[in-house]
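These notes are about the structure you will find just below.
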Number of protein chains: 2
Amino acid sequence: MRLTTKGRYAVTAMLDLALHSDQGPVSLSDISNRQGISLSYLEQLFSKLRKKLLVTSVRGPGGGYRLSRSNEDIFVAQIVDAVNESVDATGCKGRSDCQSGNTCLTHHLWCDLSDQIHDFLSQISLAQLVSRNDVRQVADRQNIESRQGGADSHMISAAIID
Amino acid sequence: MRLTTKGRYAVTAMLDLALHSDQGPVSLSDISNRQGISLSYLEQLFSKLRKKLLVTSVRGPGGGYRLSRSNEDIFVAQIVDAVNESVDATGCKGRSDCQSGNTCLTHHLWCDLSDQIHDFLSQISLAQLVSRNDVRQVADRQNIESRQGGADSHMISAAIID
DNA sequence: GTAATAACCTACTAAATTAGTCGGGTAAAT
DNA sequence: ATTTACCCGACTAATTTAGTAGGTTATTAC
């Protein structure tokens, strides 16, 4: 089971895309600025997201990425699966060969847990996240920050206050 | 969020302990043989389990480890917490400082997921696992194997068959 | 057509973590 | 006294993460 920044970044970036989808294609440098994620790293993640048909790209000036389908039809589990290989909690990827060829004592427990996590993340769509209050609040803050010049501008103000 | 072999080994070992608790203290070398986990690695894990008061130790010949309380009062979440630091899915460990001091866009989502996982694993006791059919079947196989001489004896038989 | 933009691609790298190993101790039973 | 088995710290190889670097290709604006 691995859920690290890779999966978290991917979901955050996709949510950013969903939040700004009314403004035409969103460039990775915009996402990088707003979310504080390295541009090159985003490129790697979006390469995978594109191959899994979650986004489409538009090249050239004014280009960027778009969600390949509606907000409501993209689920967190799909995004995490696209960049992590899976949210599998077993060590044997469900093959039941965890103890040198045989099923280990706790195999079924980890299968149950995997199902639990997958079900949970499969039920949450980008549309649901967009409409959440906590998400809207953070998004509003980020929009103000990025208009003032970059994701870390609050750090500078903090330094000035000090 | 990390759930790797460390946590899985710990739960497997604790379940082995629960399954053989009627036979007095269980030595780590017994667990190592039955479960195919390195002895030195088990020692590290049990050092943490002991510090978290999940097991008690008996030194000297015939010694080993015992569960510190009843089957029914030890839960999978406690075991995983004892060896991993936590099953937290956020990157900021709940501190809400995920984006250079501020809350990141998906912070609350990962909090919800963490709660979900923790609730699930908190409800499963060792006693419940011991009474599961899938666990009993694997345990029976392991008992036969270990009487025949080690956890990997089936590998040898397989080699002979080849 | 040229310059700018931004996607696309491959390869490399530093840091962290995992999953161990190794070599010694120390307490208790025979 | 010797064996058993817990206890402890340091070390290590392999893997993964997170990010960098340096380019190429497609598209738009001038």
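Bear in mind that the values here come from a model prediction, so they are computed numbers and not experimental data. Chain letters run A, B, ... following the sequence lines, proteins first and then strands; every chain starts at 1. Only this structure's heavy atoms are used, side chains among them; waters, hydrogens and symmetry mates stay out.
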To the nearest Å, give me how far apart CD (A:Q44) and P (D:dA18) are.
-> 11 Å
Axis bend over the full length of the helix from C:dG1-D:dC30 to C:dT30-D:dA1, computed from five pairs that close each end, to 10 degrees | 10°
Any side-chain heavy-atom pair from B:N102 and A:R141 closer than 4.5 angstrom?
-> yes
Would you say the side-chain atoms of A:H118 and A:D81 include a donor-acceptor pair closer than 3.5 Å?
-> yes
Tell me whether the OP1 or OP2 atom of D:dT17 has a side-chain N or O from A:Y9 closer than 4.0 Å.
-> no
Whole-Å distance, B:R50 CZ to D:dA5 C1', equals 13 Å
Describe the nucleic acid contact of A:S40 in one word from base, sugar-phosphate, nothing, applying a heavy-atom distance below 4.0 Å.
-> base
Are any side-chain N or O atoms of B:N33 and backbone N or O atoms of B:S29, one a donor and one an acceptor, separated by less than 3.5 Å?
-> yes
Taking only N/O atoms, report every protein-nucleotides 26-30 of chain D pair under 3.5 Å with atom names and distance.
from: D:dA26; atom 1: O4'; to: A:R59; atom 2: NE; distance (Å): 3.4

Hey, does B:V26 have a side-chain heavy atom less than 4.5 Å from the side chain of B:R66?
-> no
Give A:S57 one of three labels, base, sugar-phosphate or nothing, depending on what nucleic acid heavy atoms sit under 4.0 Å from its own.
-> sugar-phosphate
Atom CG of A:L42 and atom P of C:dC8: how far apart are they, to the nearest Å?
-> 13 Å
Classify the side-chain pair A:S38/A:S40 by whether it contains a donor and acceptor separated by less than 3.5 Å.
-> no
Once you round it to whole Å, what is the distance between C1' of D:dA5 and CG of B:L39?
-> 9 Å
Tell me: CG of B:L45 to C1' of D:dC6, nearest whole Å?
-> 14 Å
Consider the side chain of A:E43, meaning its heavy atoms from C-beta on, and name the nucleotide among D:dG22, D:dT17, D:dC6 that approaches it most closely.
-> D:dG22
Is the CD atom of B:E72 crowded by more than 12 outside heavy atoms at less than 6.0 Å?
-> no
Sugar-phosphate only, base, or nothing, as touched by A:F46 at under 4.0 Å among non-hydrogen atoms = nothing
Between C1' of C:dT18 and CD1 of B:I37, the distance in whole Å | 15 Å
Heavy-atom side-chain proximity of A:F120 to B:D112 below 4.5 angstrom | yes
Is a donor on one side and an acceptor on the other found under 3.5 Å between the side chain of A:T106 and the backbone of A:L109?
-> no
Does D:dC7 have OP1 or OP2 sitting under 4.0 Å from an N or O in the side chain of B:Y65?
-> yes
Quick one: A:I31 CD1 to C:dA6 P, roughly how many Å, whole number?
-> 12 Å
Grab the NZ-P distance between B:K6 and C:dA19 for me, whole Å please.
-> 8 Å
Does some side-chain heavy atom of A:V76 sit less than 4.5 Å from a side-chain heavy atom of A:L129?
-> yes
Would you mind telling me which residue lines up with the more 5' stretch of DNA chain D, A:T5 or B:G64, judged by nearest nucleotide?
-> B:G64
Would B:N143 and B:H20 count as a side chain to side chain donor-acceptor pair (under 3.5 Å) if you check the C-alpha gap in whole Å, the side-chain angles of each, and the deciding distance to 0.1 Å?
-> CA-CA 10 Å; B:N143 283 333; B:H20 297 88; 3.0 Å; yes
